[in-house]
Structure formats: C-alpha cells, structure tokens
S.K.: 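Would you mind keeping the following structure in view while I ask a few things?
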Amino acid sequence: MMHLASTEDTEVREVALRGLLELARDETKGANGRLGEDEKLKQLLQEWINGISLMSPEDLGTAREERQLVDSLWNTCYNEPSSLQERMLLVLPGEDAPSPNIASKQFEPPL
C-alpha cells in the first residue's frame, strides 16, 4: 500500500492514503500491527510534507484532500500534529470559510 501511496497518480495516491489511515485507525482500536512504528511510513510521510511545503499556491489548493490525509495519518500514527500545521499549510486562507448559501434565498417565505 505504501508503494501505491508514493505514485504520481493523484487519485491512486489519495486512495492509498485513505487505506493507510484506516489501517492506522484500526490499530488504535486494538488490532495487531504497528503501522506507526514503521520507519518507511514515517519517511514517506515526511517526504510528502516536504513536497507539500514546496508546492505553489495553486497546487496547494488542489491538494487539499492530500494535505488533510497526510496530517491525519501522521496524527493517528504518532499522536502529534504534523509539521503542516506549524508551517500553516494544513488549512489555507479561505478554505475554512463556509460556502456561500445561495439556495436559501429561493426558499425564504415572501414578506
């Protein structure tokens, strides 16, 4: 799965990250295995974090899901936030803003 997570294909990479995250979450619930103790995974996550740090603002915007998955996986495996948070790359300005509510005006009762 780690091999798939390091592919250039964004969709395959995100699916592999989701799979690794599920495995890590299962381990915290008592399943056997030590995904968090795997040095290869830690190195791979650190490489993702470094790669994300070098992305242009446009690429960061399109990699939102990947940033969140990498941070969640790091947090689940190592019980600490990833360096994406301290580098202010986890949530970019404007991302946490709610979407504009354009439909509610259609359903407002007449005055």
S.K.: Check whether the side chains of Asp71 and Gln85 place a donor and an acceptor atom closer than 3.5 Å, and report yes or no.
M.R.: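 Side chains of Asp71 and Gln85: pair found under 3.5 Å.
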S.K.: Hey, does Met55 have a side-chain heavy atom less than 4.5 Å from the side chain of Ile52?
M.R.: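 A side-chain contact under 4.5 Å exists here.
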S.K.: What distance separates Leu44 CG from Lys42 NZ, expressed to the nearest 0.5 Å?
M.R.: 13.5 Å
S.K.: Does the pair Thr10 and Glu14 meet the rule for a side chain to side chain contact (heavy atoms under 4.5 Å, CB included), with working shown?
M.R.: CA-CA 6 Å; Thr10 305; Glu14 286 183 9; 3.8 Å; yes
S.K.: Check this for me: Glu80, atom CD, are more than 12 non-hydrogen atoms of other residues, nucleotides or ligands nearer than 6.0 Å?
M.R.: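 Buried by this count: over 12 neighbours within 6.0 Å.
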S.K.: If hydrophobic clusters are built from ILVMFWY residues whose side chains come within less than 4.5 Å, do Leu23 and Leu21 share one?
M.R.: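 Cluster IDs for Leu23 and Leu21 match.
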S.K.: Is the shortest heavy-atom distance from the side chain of Cys77 to the side chain of Leu73 under 4.5 Å?
M.R.: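 Side chain of Cys77 against side chain of Leu73, heavy atoms only: contact under 4.5 Å found.
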S.K.: In Å, rounded to the nearest 0.5 Å, how long is the span from CZ of Arg87 to CG of Asn50?
M.R.: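 So the CZ of Arg87 and the CG of Asn50 are separated by 5.5 Å.
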S.K.: Measure across Ile49 and Ser82 and return the closest heavy-atom pair with its distance rounded to 0.1 Å.
M.R.: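 Distance-wise, the nearest heavy atoms are CD1-CB, 3.8 Å.
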S.K.: For the side chain of Ser83 and the backbone of Glu86, is there at least one donor-acceptor N/O pair under 3.5 Å apart?
M.R.: no
S.K.: Going from CZ on Arg64 to CG on Leu90, what distance comes out if it is rounded to the nearest 0.5 angstrom?
M.R.: 9.5 Å
S.K.: Side-chain heavy atoms under 4.5 angstrom apart, residues restricted to Ile, Leu, Val, Met, Phe, Trp, Tyr: same cluster for Trp74 and Leu60?
M.R.: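 They do share one cluster, since a chain of ILVMFWY contacts under 4.5 Å joins Trp74 to Leu60.
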S.K.: I'd like to know if Glu22 pairs up with Arg25 as an ion pair, taking the criterion as any Lys NZ or Arg NE/NH1/NH2 lying under 4.0 Å from an Asp or Glu carboxylate oxygen.
M.R.: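 Yes, charged N to carboxylate O under 4.0 Å.
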S.K.: Hydrogens and angles aside, do Gln43 and Glu47 bring a side-chain donor and acceptor to less than 3.5 Å of each other?
M.R.: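 Indeed, the side chains of Gln43 and Glu47 share at least one donor-acceptor pair under 3.5 Å.
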S.K.: Check this for me: does any side-chain nitrogen of one of Glu65 and Arg13 sit under 4.0 Å from a carboxylate oxygen of the other?
M.R.: no
S.K.: Can you list the steps and then say if Leu84 with Trp48 is a side chain to side chain contact (heavy atoms under 4.5 Å, CB included)?
M.R.: CA-CA 10 Å; Leu84 289 174; Trp48 273 317; over 6 Å; no
